Amino acid sequence: MKPFSRILVANRGEIAQRVIRACRELGIESVAVYSEADRHASYLDLADHKVCIGPAPSLNSYLDISKIIAAAEITDVEAIHPGYGFLSENPQFAEICQSCRIQFIGPTVDNIRQLGDKAMARELAMASEVPVVPGSPEIVEDEEEGLRISKEIGFPVLIKAVAGGGGRGMRIAREESTFVAAYQAARTEAANAFKNSDVYIEKLIEKPRHVEIQILADSYGSVIHLGERDCSLQRRHQKLVEESPSPAVDDDLRARMGASAVNLAKASGYRGAGTVEFLLDREGNYYFIEMNTRIQVEHPVTEMVTGIDLVQEQIRIASGVPLRYRQEDIKINGHAMECRINAEDPSRDFAPSPGKIVDFRAPGGMGVRLDSHVYSGYTVPSNYDSLLGKLIVHRDTREEAILTMRRALDEFTIDGVHTTIPFYSEVLQHFHFVKGNLDTGFIEEYLIDA
Ligand code: ADP
Ligand code: ADP
Ligand code: MG
């Protein structure tokens, strides 16, 4: 049960900085890797060592397994933290780490294989008595089968890629006549984006909330949950604002959803931090949709209300330390909320806005946390996703959290590129947002002219 002395961080941006900070606090040396486009990133100076892994395109740097492993061998690390995105849910990468005797800080190879395939995860959920969205029992082989199942469960339906992620690989079929076109479009998008055209079918839940449960599991079979995050505020199935607790979840529902998430994790022999995602319908029924086998972008809201450092716990678990908390130790304190600040232009359909940041002034004060890697003079590269950072607030109540978030957004200055800050100021003023009346269609319905 030797704790690690050196870890390589196989990622970039705010999450690379987040992991480096956790390492420093645990007394672990960190190795940062960077592409040529990221050579001026300031967090590289927070790491103990840095290694260039190639040119700007991700395929030749952050997604190139041989380069990451070579950097790990050269710097003699004991473990690799993959962050989110990139190689974090790639079972082949986790397997190669294992065969090189480098600990992958995340779940087992089998966990990633089983849960990364959404149809397999769904089957496991059904077998563990976790409620799933009505739909196909497994992969849908052809149009006829898909149409038959859709008629059985009733339109509208959602055709989803088994390998989907980041909100891609999904198509709605509202009625029978549009099914075949939607089915083909979903398969084509899935083949292009994920090199896997397999799809399955779920009933389209109308105006649901997205409510997910954070879990932690150690290598000895102990699993706990850390309450929920409400991520209903989405644009094109991608999360923008997240909060904990959910305005729609009471203690009883939290206990039931938490137990479902823990059951699923136990059934798969899960290890590490993970998130079990559910949809919550208007009647208060919840349905499993998928499990993310990694740290999530929105993990800080859970950290704020539970007081538990999830990245440090991931590292401890990977080094073989048993869970330090029992379920009854987990208490939800106050209310936390996060806005994902992107370099995008909300007035131009959220088009990416790379370029040089000429002025960067961070908000601060009581209840404000900013996880960001950018600074005045930083150039946002056009090669990667446009996340500039996450603004997180933590106060006693949701009402106070909203006031603090509005104030922090007002203070936050980023000049030189377009950002989503003004968009969030609008969201935080909206009557229904303030009331907590949210569903996944909120932005399209109230804030974006179609
Ligand atoms: P989260 O719930 O953590 O916000 P997201 O779906 O927003 O999850 O994904 C986090 C990051 O991982 C984003 O950068 C997203 O583009 C990327 N990502 C997620 N799933 C995949 C996938 N299957 N393939 C490629 N990138 C993915
Ligand atoms: P991804 O892997 O891209 O994150 P998910 O299965 O988690 O895909 O779904 C992403 C989002 O798509 C959900 O948060 C929700 O907004 C929407 N969604 C997914 N499945 C359904 C469904 N059956 N009915 C309605 N909306 C859905
Ligand atoms: Mg998801």
Side-chain angles (χ1 to χ4, degrees), residues 84-85 88-90 112 114-126 130-137 139-140 146 149-150 152-174 179 182-183 186 189-190 192-194 196 198-215 228-243 246 248 257 261 264 274-283 285-299 340 385 438-445 448:
Y84 54 69
S88 61
E89 293 172 284
N90 182 320
I112 305 177
Q114 181 176 34
L115 298 164
D117 179 308
K118 290 176 160 191
M120 270 162 65
R122 211 175 123 80
E123 283 174 49
L124 185 69
M126 288 187 272
V130 174
V132 300
V133 185
S136 60
I139 294 167
V140 173
I149 289 170
S150 301
E152 258 167 47
I153 60 174
F155 285 91
V157 298
L158 193 60
I159 302 144
K160 300 174 71 168
V162 299
R168 286 179 306 158
M170 274 183 251
R171 283 289 185 284
I172 297 175
R174 293 231 158 250
F179 179 83
Y183 177 82
E189 183 172 297
N192 291 335
F194 311 111
N196 178 352
D198 288 345
V199 296
Y200 64 108
I201 293 176
E202 280 179 2
K203 188 167 179 58
L204 184 79
I205 308 289
E206 304 275 7
K207 293 184 171 288
R209 284 178 185 262
H210 175 115
V211 177
E212 58 187 33
I213 302 283
Q214 175 72 51
I215 62 130
E228 78 283 6
R229 293 183 289 258
D230 191 319
C231 314
S232 300
L233 217 98
Q234 304 182 350
R235 179 180 165 271
R236 299 194 176 156
H237 307 306
Q238 284 190 300
K239 301 160 188 167
L240 294 177
V241 179
E242 301 98 352
E243 59 185 303
S246 165
M257 293 181 78
L264 182 70
T275 298
V276 184
E277 297 192 331
F278 297 97
L279 296 180
L280 186 63
D281 73 13
R282 317 287 280 179
E283 282 77 47
N285 304 304
Y286 66 90
Y287 310 92
F288 168 80
I289 49 170
E290 68 156 340
M291 179 156 181
N292 291 326
T293 57
R294 55 174 159 87
I295 193 78
Q296 279 189 273
V297 175
E298 61 274 20
H299 74 277
R340 299 189 186 193
D385 79 32
L438 300 175
D439 61 65
T440 58
F442 179 92
I443 289 179
E444 272 89 357
E445 186 167 350
I448 292 175

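The structure displayed is predicted, hence computed values, not measured ones. Start at 1 and go down the list; that is how both ligands and their atoms are numbered.
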**Study point:** Nearest candidate to atom 22 (C) of ligand 2, where distance is taken over non-hydrogen atoms, out of I172, L279, N292, V133
**Key:** L279
**Study point:** Side chain, backbone, both or neither: T440 near ligand 2, heavy atoms under 4.0 Å
**Key:** side chain
Study note, to complete from the structure: Scanning both residues in full, the closest heavy-atom pair of I205 with Y287 reads CD1-CE1, 3.9 Å
Review point. If you look at E290, which of its N/O/S atoms is nearest to the Mg ion (ligand 3)?
Key: OE2
Practice item. For ligand 2, note which part of I289 has a heavy atom under 4.0 Å away: side chain, backbone, both or neither. Key: side chain
Practice item. Go through D281 and R209 one step at a time and tell me if the salt bridge (charged side-chain N to carboxylate O under 4.0 Å, His left out) criterion holds. Key: CA-CA 7 Å; D281 73 13; R209 284 178 185 262; over 6 Å; no
Exercise for review: Restricting to N/O/S, name the atom of E277 that gets closest to the Mg ion (ligand 3).
Suggested key: OE1
Practice item. Give the minimum heavy-atom separation between F278 and I213, together with the two atoms involved. Key: CE1-CG1, 3.7 Å
Review point. Considering K118, R209, R168, H237, which one's heavy-atom position lies nearest to atom 11 (C) of ligand 2?
Key: H237
Study note, to complete from the structure: ligand 2 atoms nearer than 4.0 angstrom to some heavy atom of L204 are 24 (N), 25 (C)
Revision key, fill the gap. When rounded to the nearest 0.5 Å, the distance separating CD1 of I112 from CG of D117 is 13.5 Å
Revision key, fill the gap. For I201 and R122 the tightest heavy-atom approach is O-NH2, 4.2 Å
Revision key, fill the gap. Ligand 2 to G164, heavy atom cutoff 4.0 Å, flagged ligand atoms 2 (O)
Exercise for review: Kindly identify the option in K207, K239, E290 whose heavy atom sits closest to atom 1 (P) of ligand 2.
Suggested key: E290
**Study point:** Which segment of K203 sits under 4.0 Å of ligand 2 when only heavy atoms are counted
**Key:** backbone
Practice item. Before signing off on this row, confirm whether I205 and ligand 2 have an N or O atom pair separated by under 3.5 Å. Key: yes
Review point. Which atoms of ligand 2 are found less than 4.0 Å from any heavy atom of H210?
Key: 13 (C), 14 (O)
Exercise for review: Determine, for R340 against E242, whether the closest basic-nitrogen to carboxylate-oxygen distance falls under 4.0 angstrom.
Suggested key: yes
Check your understanding: Going by the atom numbers of ligand 2, which of them fall below 4.0 Å from some non-hydrogen atom of M170?
Key -> 3 (O), 8 (O), 9 (O), 10 (C), 12 (O)
Practice item. Heavy atoms only: give me the nearest A173-F155 pair and the separation to one decimal. Key: O-CD2, 3.4 Å
Revision key, fill the gap. Note: ligand 2 atoms sitting under 4.0 Å from heavy atoms of G165 are 1 (P), 2 (O), 3 (O)
Review point. Would E189 and R171 pass as an ion pair if we require N to O under 4.0 Å?
Key: yes
Exercise for review: Decide yes or no on salt bridge (charged side-chain N to carboxylate O under 4.0 Å, His left out) for R174 and E206, but give the supporting numbers first.
Suggested key: CA-CA 11 Å; R174 293 231 158 250; E206 304 275 7; 3.7 Å; yes
Point to revise | Check: T275 and R229 side chains under 4.5 Å, non-hydrogen atoms | key: yes
Exercise for review: Please report the closest heavy-atom contact between K203 and G154, naming both atoms and the distance.
Suggested key: NZ-O, 3.2 Å
Exercise for review: Say whether Q238 and ligand 2 are in contact under the criterion: heavy-atom distance to a ligand atom below 4.0 Å.
Suggested key: no
**Study point:** Proximal ligand 2 atoms for G167, defined as those under 4.0 Å from one of its heavy atoms
**Key:** 1 (P), 3 (O)
Check your understanding: Is the closest heavy-atom distance from K160 to ligand 2 below 4.0 Å?
Key -> yes
